[in-house]
Amino acid sequence: MRTVVLTMKASVIEMFLVLLLTGVHSNKETAKKIKRPKFTVPQINCDVKAGKIINPEFIVKCPAGCQDPKYHVYGTDVYASYSSVCGAAVHSGVLDNSGGKILVRKVAGQSGYKGSYSNGVQSLSLPRWRESFIVLESKPKKGVTYPSALTYSSSKSPAAQAGKCSRVIESKPSESMNTRRVLGDSGEINILTGQAPLALAIF
């Protein structure tokens with residue numbers, strides 16, 4: 001009788017162990033099947049400026065050919081957000097002209113940006129700008145979730161969004177130059193124009 005009881009106990013223990021091992025194996029298989037969603041890196045064109053992207057930190061993929069001088073870059077190491085993102089990446093040396101993935105991080109605006117020639121790209125100087133960015137290798141930081149889709153700002157200016165527009169009034173031409181008054185919400189600006197080309201003022 002004792003032998004039968006012991007045999008039954010041994011069988012129960014064996015069954016318990018088999019079920020336990022089966023459950024562990026099943027959990028491992030389930031864990032393998034449940035994969036984290038794959039991060040999709042958004043791709044941008046060479047002419048996209050950092051200021052058009054609202055996200056404070058993001059990873060993007062640049063195409064080839066962004067070394068072209070038509071994609072303007074302002075600054076060295078720290079770039080004005082008016083710069084081409086991918087052009088700045090080539091200038092900084094993070095990318096070459098064949099393109100690739102980069103990490104972009106927005107930083108505060110600078111009182112001045114110094115132009116320089118680097119990696120086949122001539123960056124320009126700028127007195128000051130409201131926002132800057134730096135370019136890093138595309139190594140995600142732990143615990144940081146990067147967007148799979150970028151958020152872009154509106155192409156319209158705040159004045160245009162509010163239904164306001166500036167008026168340009170041109171005075172009578174003098175012998176050597178014209179005087180133009182630009183009237184807007186922030187006041188009046190006198191612009192002198194002549195034979196020399198005008199410098200672009202960005203607000």
Side-chain angles (χ1 to χ4, degrees), residues 40-140 146-161 165-166 168 170 177-178 180 182 184 189 191-203:
T40 302
V41 178
Q43 183 164 346
I44 61 175
N45 296 325
C46 295
D47 61 350
V48 173
K49 299 172 183 177
K52 290 293 182 182
I53 301 172
I54 295 176
N55 309 82
E57 188 169 332
F58 52 90
I59 295 176
V60 290
K61 185 176 181 180
C62 292
C66 296
Q67 197 179 52
D68 195 306
K70 69 181 179 180
Y71 306 119
H72 295 162
V73 177
Y74 299 86
T76 301
D77 296 330
V78 178
Y79 302 95
S81 63
Y82 194 65
S83 306
S84 157
V85 173
C86 299
V90 177
H91 181 271
S92 67
V94 175
L95 284 185
D96 57 25
N97 201 37
S98 61
K101 298 176 184 178
I102 56 170
L103 171 62
V104 179
R105 183 178 300 150
K106 298 284 189 71
V107 294
Q110 306 291 307
S111 58
Y113 300 85
K114 187 177 181 181
S116 65
Y117 183 82
S118 179
N119 301 304
V121 176
Q122 176 65 59
S123 69
L124 307 173
S125 297
L126 195 66
R128 64 185 306 168
W129 195 250
R130 61 181 178 270
E131 184 184 53
S132 310
F133 69 98
I134 56 176
V135 184
L136 306 167
E137 293 181 3
S138 60
K139 294 181 179 178
Y146 297 94
S148 295
L150 300 175
T151 304
Y152 290 88
S153 63
S154 172
S155 59
K156 293 183 180 179
S157 65
Q161 289 177 358
C165 62
S166 300
V168 178
E170 187 171 330
M177 62 182 65
N178 297 330
R180 305 178 73 192
V182 179
I189 302 172
I191 302 175
L192 299 178
T193 63
Q195 295 180 353
L198 285 175
L200 179 63
I202 307 166
F203 302 95

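By convention here, the first residue in the shown sequence is residue 1. Note: hydrogens, waters and symmetry copies are ignored here, and every other heavy atom, side chains too, is used. Predicted, not measured: the structure shown is a model, and the values here were computed from it.
- Checked by atom type and distance alone, the side chain of S84 pairs as donor or acceptor with a backbone atom of C46 at under 3.5 Å.
- Checked against side-chain hydrogen bond (donor to acceptor under 3.5 Å, both in side chains), S83 has no partners two or more places apart in sequence or in another chain.
- At least one donor-acceptor pair closer than 3.5 Å links the side chain of S132 to the backbone N or O of A108.
- Judged purely by atom type and a 3.5 angstrom limit, N45 has no side-chain atom pairing as donor or acceptor with the backbone of D47.
- The backbone N or O of A64 sits nowhere less than 3.5 Å from a side-chain atom of S98 that would complete a donor-acceptor pair.
- A distance below 2.5 Å between sulfur gamma atoms is not met by C66 and C86.
- In this structure Y146 satisfies the ring pair (Phe, Tyr, Trp, His ring centres under 6.0 Å) test with no other residue, sequence neighbours excluded.
- In this pair, Y79 and H91 present their aromatic rings perpendicular. The plane angle is above 60°, beyond the 30 to 60° band.
- Side-chain atoms of S123 come within 3.5 Å of backbone atoms of G75 as a donor-acceptor pair (strictly under, hydrogens ignored).
- How far CD of Q67 is from CG of N119: 8.0 Å, rounded to the nearest 0.5 Å.
- Heavy-atom contacts from other residues, nucleotides or ligands closer than 6.0 Å to NZ of K106 number more than 12.
- Around the CD atom of E137, the shell of radius 6.0 Å holds no more than 12 heavy atoms that belong to other residues, nucleotides or ligands.
- In terms of the side-chain hydrogen bond (donor to acceptor under 3.5 Å, both in side chains) criterion, Y71 has no residue partners (sequence neighbours excluded).
- Closest of all the heavy-atom pairs between V60 and V104 is CG2-CG2, 4.5 Å.
- Within the 4.5 Å cutoff, side-chain heavy atoms of I102 are placed close to those of V85.
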